[in-house]
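Throughout, a chain's letter reflects where its sequence line sits, starting with A, and its residues are numbered from 1. Below, all heavy atoms of this structure are taken into account, side chains as well, without hydrogens, waters or symmetry copies.
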Number of protein chains: 2
Amino acid sequence: MPRKPNYDRNELIDRSRDLFWRRGWAGTSLKDLEAVLQMKPGSFYAAFGSKDALFKLAMEKYAMDGLERLKQMAEKLGPIKALQRFPMMAIENEDAPAKACMLSKTLLELQAHNHPLAKEANLHLLRMESHFAELFEQAQAFGEIDSDLDPQVLARRYQSDLLGLRVSAEREGIDATAIATEIADSLARL
Amino acid sequence: MPRKPNYDRNELIDRSRDLFWRRGWAGTSLKDLEAVLQMKPGSFYAAFGSKDALFKLAMEKYAMDGLERLKQMAEKLGPIKALQRFPMMAIENEDAPAKACMLSKTLLELQAHNHPLAKEANLHLLRMESHFAELFEQAQAFGEIDSDLDPQVLARRYQSDLLGLRVSAEREGIDATAIATEIADSLARL
DNA sequence: TGCTTTCTTGAGCGGTCACTCAAGTATATA
DNA sequence: TATATACTTGAGTGACCGCTCAAGAAAGCA
């Protein structure tokens, strides 16, 4: 009986993610979103409820995609090779709206205000870290790295390096690929 | 003939730096600044000109203090020990308004808008990186690390690690001291 | 075709933003 | 003490913020 929306909700979330990722939470206004989504305020609020609610959806998609890419890479290359290539992949995609990680950007922007989205970002980062740990564990099982090392510790350091790499990649005039290579090399020495 | 300001300009910049460091650029409103500085809008604009101008001053002080601490540490401990201790020092100060680096926070927040303050932040980061490189060079001259390595490359990687560490330290439930220790350890292996 | 139900539109809400300025106040010099 | 010269005050500026809602348009069902 009713009328269907004339947009693809999933694609709208993608476009929002790109905008939020690049410009951040405060840096993205409703007007910006309306322009990119081609939506008037009424439709926007009917569809998503609020700017924060959409940001949450965008961040979830961002995190899910990242995890998915890591899993696919691990299936194709095995755990250690996946971990080695992941940093380079994260920074070499020219189409991405930003080099830096959307989760860390959100965390840094909103943590001081105790904004719920900061906690959300931290949660996604924890999930990613867990999967890094799993891969390190698998690599140990395969005898690819020293099995005396603690996978959790390795994962935490790895994620920290990755976040640093991606902040550096955001800078102008910095050759981040060299850093990515070094991160990969240091994994080979474990 | 005139009247003197009844405030210590330097201390006002310190307080602004702490607020900006913690809350970021968009996250700090004029009202916030007026409250912390105990100034009415008129005085504020007479003293500093604009929010951005004060942010610039705050960031300059932030960068100068960081560089100063590094130099003092290097004088006291020598280059390599200073580089080893610097990461831990950066995250263990409980009085600091934030663990993450103000320069990287500013860069991530404002880079997408081509805001002049983002370029300014990048410049301060470059200056810091140069000094890291100097210390690596000195360490080579002292025979403390392999002299075949490129000090510039070492410095870039070191700064990247440091930025990652400080993002991680900002997170809740992450033991950043372990990461700091590992950064120090990996310098010992050069 | 007519009715119901949803989606779309866009003017406009109260609030906050960075900032201004005219008036008042304090102080160093003449 | 009188005057010139800042500094301080705070109400008020226009612009933008996230968001609301009443009215109109479109599509599925009878």
Using five pairs at each end of the helix from C/dT1-D/dA30 to C/dA30-D/dT1 to define an axis, what is the angle between those two axes, to 10°? 0°
Could you check whether A/F132 and A/F136 have their ring centres less than 6.0 Å apart? no
Using whole Å, what does the distance between atom C1' of nucleotide C/dC7 and atom CG of A/L37 come to? 16 Å
Separation of A/Q38 atom CD from C/dG10 atom P, in whole Å? 12 Å
A/K31 NZ to C/dG12 P: how many Å, rounded? 16 Å
Check B/L70 against B/M128 and note the closest heavy-atom contact, atom names and distance. CD2-CE, 4.0 Å
For A/K4 and A/D32, take the nucleotide of DNA chain D holding the closest heavy atom to each; which residue's nucleotide lies nearer the 5' end? A/D32
Output every pair passing ring pair (Phe, Tyr, Trp, His ring centres under 6.0 Å) with a member in residues 87-113 of chain B, not counting sequence neighbours, ordered by first then second residue. none
B/K40 NZ - D/dG12 C1' separation (whole Å): 15 Å
Could you name each residue pair satisfying salt bridge (Lys or Arg N to Asp or Glu O under 4.0 Å) that touches residues 27-39 of chain B, not counting sequence neighbours? none
With sequence neighbours left out, which residue pairs that include part of residues 108-121 of chain B fulfil the salt bridge (Lys or Arg N to Asp or Glu O under 4.0 Å) condition? A/E172-B/K119
So what does A/Y7 hit on the nucleic acid, given a heavy-atom distance under 4.0 Å: a base, only sugar-phosphate, or nothing? sugar-phosphate
Indicate the atoms forming the closest heavy-atom contact of A/S104 with A/L163, along with that distance. CB-CD2, 3.9 Å
Is B/N6 near enough to D/dC7 that one of its side-chain N or O atoms lies under 4.0 angstrom from OP1 or OP2? no
Hey, is the main chain of B/I174 close enough, under 3.5 Å, to the side chain of A/R156 for a donor-acceptor pair? no
Mind checking what makes salt bridge (charged side-chain N to carboxylate O under 4.0 Å, His left out) contact with B/D146, not counting sequence neighbours? none
Show me the protein contacts with nucleotides 19-24 of chain D, counting only N or O atoms at under 3.5 Å.
{"residue": "D/dC19", "atom": "OP2", "partner": "A/Y45", "partner atom": "OH", "Å": "2.8"}
{"residue": "D/dC19", "atom": "OP2", "partner": "A/K51", "partner atom": "N", "Å": "3.0"}
{"residue": "D/dC19", "atom": "O5'", "partner": "A/Y45", "partner atom": "OH", "Å": "3.2"}

